[in-house]
Visitor: 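One structure coming up, written as structure tokens, with questions to follow.
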There are 2 protein chains.
Amino acid sequence: MISRVESAAATRRALLDAAAGLLDEGGPEAVTLREVGARAGVSRGAPYRHFADKDDLLTAIAAQAWNALADQAVTLGADPELSTRDKVRAMLAGMLATGRERPHLYRLMHRPPAGPEVLQAAGRSQGPFIAALSDLVGAAQAHRFGAVLLSGAHGAIGMEASGQLTRDKWKTDADEILDTLVGLLPAR
Amino acid sequence: MISRVESAAATRRALLDAAAGLLDEGGPEAVTLREVGARAGVSRGAPYRHFADKDDLLTAIAAQAWNALADQAVTLGADPELSTRDKVRAMLAGMLATGRERPHLYRLMHRPPAGPEVLQAAGRSQGPFIAALSDLVGAAQAHRFGAVLLSGAHGAIGMEASGQLTRDKWKTDADEILDTLVGLLPAR
DNA sequence: GCATTCAGTTGACGTTGTCAACTCTGTAGG
DNA sequence: CCTACAGAGTTGACAACGTCAACTGAATGC
């Protein structure tokens with residue numbers, strides 16, 4: 001038997017999935033509440049029972065994506081097979097993979113201004129990152145290194161997405177930039 | 001006496017200025033062709049005499065902004081008072097200033113996918129940048145260094161704009177990240 | 001002087017986000 | 001078991017928007 005709250009939660013998930021799918025397939029302008037509702041099997045007004053407005057729905061998608069990245073970071077941080085340096089590298093590579101496979105979602109995740117919901121989810125993904133860096137460079141330097149690494153990775157992903165970072169022009173790509181950035185860390 | 005082509009060019013400029021102003025003041029959703037026309041003193045249909053559609057108008061604004069940055073870079077590159085390292089630093093600082101003072105415009109400049117018009121204007125701004133780096137690290141390494149520096153700067157600007165790079169959380173800011181990045185270059 | 005070109009206007013249409021009123025159905029309280 | 005309620009979902013309506021087609025008018029070239 002499906003209770004009412006279960007059914008409502010399922011609809012909410014269906015709406016999020018539908019919107020994320022439309023975003024991936026057709027970019028931001030393809031995400032219309034009417035089409036989101038249709039894909040989720042409900043009407044155009046149904047989303048307003050679960051989200052304040054369209055922006056709120058998009059924010060929820062961004063937060064969800066950040067949380068998925070956070071889960072991945074937590075898993076990587078706890079992996080005993082990986083060196084600390086490889087953990088850092090893998091966390092940045094996870095961001096790069098999102099940027100390449102789901103560019104519109106990636107851009108949505110960095111849409112300003114980030115609300116508290118998104119900031120918290122993003123912060124959760126940065127916890128294991130800082131922890132790994134603390135192992136390598138000490139707690140005092142971890143934040144400064146982290147900011148440089150994260151900025152570099154985020155910038156490379158963005159420039160690659162917009163078509164500005166091409167191997168043709170720069171003789172390199174985002175992967176190599178990640179290598180260079182991680183290479184700044186002491187090897188331990 | 002104002003000829004017809006002069007008047008048309010003036011209207012085109014007025015449309016660009018109006019759209020850029022609306023973008024700065026109210027973000028992307030504040031840029032409506034109706035309001036752009038009103039600010040430029042023409043009707044809602046007038047923009048279609050100068051731009052294919054709204055997207056084309058936004059692209060023109062992005063290209064214009066890149067060209068302004070390119071002009072600045074050219075001037076900096078030719079400044080005999082500045083050390084090569086200071087030139088590089090100043091060029092990146094120019095990007096940072098745009099990102100802080102006109103965040104919506106900055107985001108528009110990096111909107112994917114960048115059309116040829118935007119790519120060319122952006123490339124023009126990168127010429128002096130590469131030239132300065134060649135002075136410091138040699139032509140062979142200039143591109144690889146340039147990609148890292150530009151990625152780092154762009155990422156820091158973007159994270160600051162979205163509210164993710166705060167001194168409270170990272171004990172640093174975009175200025176210091178720029179210093180760190182430029183510090184990677186040999187001092188000459 | 002005349003035809004032409006082209007910037008600019010206006011009316012219209014489809015799409016979209018959003019609200020208000022409505023229906024319907026589990027669920028809680030007696 | 002019955003009733004009242006809460007809340008998920010639907011539908012009609014509206015304003016705003018991008019865009020097109022038809023139209024106007026004036027500067028330009030011959």
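Order of the sequence lines sets the chain letters (A, B, ...), proteins ahead of strands, with each chain counted from 1.
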Visitor: From B/R85 CZ over to B/S83 OG, what is the distance, rounded to the nearest 0.5 angstrom?
Guide: 8.0 Å
Visitor: Do the side chains of A/R124 and A/N67 get nearer than 4.5 Å, heavy atoms only?
Guide: yes
Visitor: Excluding sequence neighbours, so at least two apart, what forms side-chain contact (heavy atoms from CB on, under 4.5 Å) with A/V148?
Guide: B/I177, B/T180, B/L181
Visitor: Could you tell me how far apart B/E29 (CD) and D/dC17 (P) are, to the nearest whole angstrom?
Guide: 11 Å
Visitor: Check every atom of D/dT10, C/dT18, C/dA12 against the side chain of A/V42 and return the nucleotide holding the closest atom.
Guide: D/dT10
Visitor: For A/V36, which contact category applies under a 4.0 Å heavy-atom criterion: base, sugar-phosphate, or nothing?
Guide: nothing
Visitor: Starting at CG of B/D79, measure out to OG1 of B/T84 and round the result to the nearest 0.5 Å.
Guide: 11.0 Å
Visitor: For the pair made of CZ in A/R34 and P in D/dC14, what is the distance, rounded to whole Å?
Guide: 14 Å
Visitor: D/dA16, OP1 or OP2 - any side-chain N/O from B/T32 closer than 4.0 Å?
Guide: no
Visitor: Does the distance from a Lys or Arg side-chain N to an Asp or Glu carboxylate O, for A/R167 and A/E176, drop under 4.0 Å?
Guide: yes
Visitor: Not counting sequence neighbours, list each pair that qualifies as a ring-ring contact (aromatic ring centres under 6.0 Å, His included) and has a residue in residues 86-124 of chain A.
Guide: A/W66-A/H110, A/Y106-A/H110, A/Y106-A/H154, A/H110-A/H154
Visitor: Partners of B/D175 by salt bridge (charged side-chain N to carboxylate O under 4.0 Å, His left out), sequence neighbours excluded?
Guide: B/R100
Visitor: Could you name each residue pair satisfying side chain to side chain donor-acceptor pair (under 3.5 Å) that touches residues 41-55 of chain A, not counting sequence neighbours?
Guide: A/D55-A/R111
Visitor: Does A/T11 place a side-chain N or O at less than 4.0 Å from the phosphate oxygens OP1/OP2 of D/dA8?
Guide: no
Visitor: Grab the CG-P distance between A/L33 and D/dT11 for me, whole Å please.
Guide: 16 Å
Visitor: Between the opening five pairs and the closing five pairs of the helix from C/dG1-D/dC30 to C/dG30-D/dC1, how far apart are the helix axes, to 10°?
Guide: 10°
Visitor: Residues of residues 43-61 of chain A with any non-hydrogen atom less than 4.0 angstrom from an atom of DNA chain D: list those, numerically ordered, please.
Guide: A/S43, A/R44, A/G45, A/A46, A/R49, A/H50
